[in-house]
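No experiment lies behind these values; they were computed from the predicted model shown. When reading the values below, keep in mind they use all heavy atoms of this one structure, side chains included, and skip hydrogens, waters and symmetry mates.
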Amino acid sequence: MNAQMKRRLVVVTGVIVVVLAIVLAVVGSGGSARSLSIADALGGSGSGERVQVTGNVVDNSYSTEGGVLAFSIYDPAGDPSQTLAVRYEGAASSTFGNGVTAICTGRLSDDGGLVLNASELVTKCPSKYESATDALGIGQLLGYGADIQDKTVKITGVVKEGTLVSAGSDERFVVVDAADASQEVPIAFDDALPEEVQDGTSVVIQGSLGGDGRFNATDVAIEEGN
């Protein structure tokens, strides 16, 4: 091997080493995160590190502005008065809502107040099933008209395709009658939805029909047997 080839080999080797170092740095920055409790995070642990904090969403603490979802979480097994602010630049899943378990991964910053700037957000809500026995179909509900407004009832129907959104919207999703899809009613609901709720899911809903035509839900469950 002549001197010129040796110099080329040294240069190529050096370039490979630099590229590998950059790749490892990038992979490392997006790798595993240190798990912290909300109390630990509020106590100053995890500063400058990539951390993962899990908690339940504080009721009505969320807002979206400029594509950034802001909300607060608390530890249901700890002190509920201790809350951590979270900012997430991205779209929340349709399960997001009051009380949902939020697994937030990112970095803590203290700019006028401690905030977890999350790059990842996973939401989880326990499955909930209920019998549709004695529940009104959507056609039956609408057939009662004003006579049933503001009265607590149980209804059943199927989630209309393409209508599911996260909490904070006037309408969380639309339910259609299982036997007649032309009969439908929009559902207002700000709490967490079971993960299995998606397009075409048969659901059982507690709540009341408002004068604006929306059904104000207090509880949403998956119909037993589905």
Side-chain angles (χ1 to χ4, degrees), residues 18 20-128 163-173 187-198 207 216-221:
V18 171
L20 285 174
I22 293 173
V23 170
L24 289 174
V26 171
V27 171
S29 66
S32 61
R34 179 185 173 193
S35 293
L36 291 180
S37 67
I38 290 175
D40 287 340
L42 294 174
S45 296
S47 178
E49 299 179 58
R50 191 165 184 267
V51 300
Q52 184 177 90
V53 184
T54 300
N56 287 19
V57 175
V58 176
D59 285 1
N60 304 317
S61 66
Y62 50 83
S63 63
T64 302
E65 184 175 348
V68 176
L69 173 66
F71 58 96
S72 296
I73 56 176
Y74 70 95
D75 184 352
D79 182 354
S81 68
Q82 290 190 313
T83 63
L84 175 65
V86 180
R87 286 171 54 85
Y88 174 66
E89 190 169 347
S93 71
S94 60
T95 59
F96 183 87
N98 291 334
V100 71
T101 298
I103 304 171
C104 312
T105 305
R107 296 184 183 276
L108 294 164
S109 66
D110 193 348
D111 185 14
L114 188 67
V115 176
L116 174 57
N117 296 296
S119 56
E120 299 174 25
L121 172 62
V122 177
T123 56
K124 293 187 176 296
C125 181
S127 300
K128 184 185 297 184
T163 62
L164 270 169
V165 297
S166 59
S169 302
D170 289 339
E171 297 177 7
R172 188 72 173 275
F173 57 95
I187 307 297
F189 186 64
D190 283 331
D191 290 349
L193 285 175
E195 293 178 66
E196 296 86 352
V197 173
Q198 54 189 308
N216 299 304
T218 55
D219 188 68
V220 176

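Other residues, nucleotides and ligands contribute at most 12 non-hydrogen atoms within 6.0 Å of the CD atom of Glu89.
Considering only heavy atoms from C-beta on, Thr95 stays 4.5 Å or farther from Val197 through its side chain. Using a 4.5 Å heavy-atom cutoff, the side chains of Gln82 and Asp75 are not in contact. In this structure, the side chains of Pro76 and Tyr74 come closer than 4.5 Å at one or more pairs of heavy atoms. Val86 has its side chain out of reach of Val53: every pair of non-hydrogen atoms, C-beta onward, lies at least 4.5 Å apart. Annotation: side chain of Val220 is not in contact with side chain of Arg172 (no heavy-atom distance under 4.5 Å).
With hydrogens and angles left out, the side-chain atoms of Glu171 and Thr163 include no donor and acceptor closer than 3.5 Å.
For the atom pair CG (Leu121) and OG (Ser93), the distance works out to 7.0 Å, reported to the nearest 0.5 Å. Interatomic distance, Asp59 CG to Asp191 CG, rounded to the nearest 0.5 Å: 6.0 Å. The CG atom of Leu193 sits 9.5 Å away from atom NZ of Lys128, with the distance rounded to the nearest 0.5 Å.
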> Between Ile38 and Thr83, is a side chain to side chain contact (heavy atoms under 4.5 Å, CB included) present by the stated rule, with each step listed?
Replying inline: CA-CA 7 Å; Ile38 290 175; Thr83 63; over 6 Å; no
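Annotation for Ala188 and Asp170: closest pair CB-O, 3.6 Å, computed over non-hydrogen atoms. In this structure, Leu116 and Cys104 approach most closely via the heavy-atom pair CD2-CB, 3.6 Å. Across every non-hydrogen atom of Val51 and Ala33, the tightest pair is C-CB, 3.7 Å. The heavy-atom pair separating Ser169 from Asp190 by the smallest distance is O-OD1, 4.4 Å. Minimum heavy-atom separation, Thr105 to Gln52: OG1-NE2, 3.1 Å. Counting all heavy atoms, side chain and backbone alike, Phe96 lies closest to Val57 at CE1-CG2, 3.7 Å.
With Arg107 contributing its side chain and Ser119 its backbone, the two residues share no donor-acceptor pair below 3.5 Å. Of the possible polar contacts, none joining the Asn216 side chain to the Gly207 backbone as a donor-acceptor pair under 3.5 Å is found.
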Identify every side-chain donor-acceptor pair in residues 61-73 under 3.5 Å, counting partners at least two apart or on other chains, and give the distances.
from	atom 1	to	atom 2	distance (Å)
Ser61	OG	Val58	O	2.8
Ser61	OG	Ser72	N	3.2

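Screening residues 35-49 for salt bridge (charged side-chain N to carboxylate O under 4.0 Å, His left out), with sequence neighbours left out, gives Arg34-Glu49.
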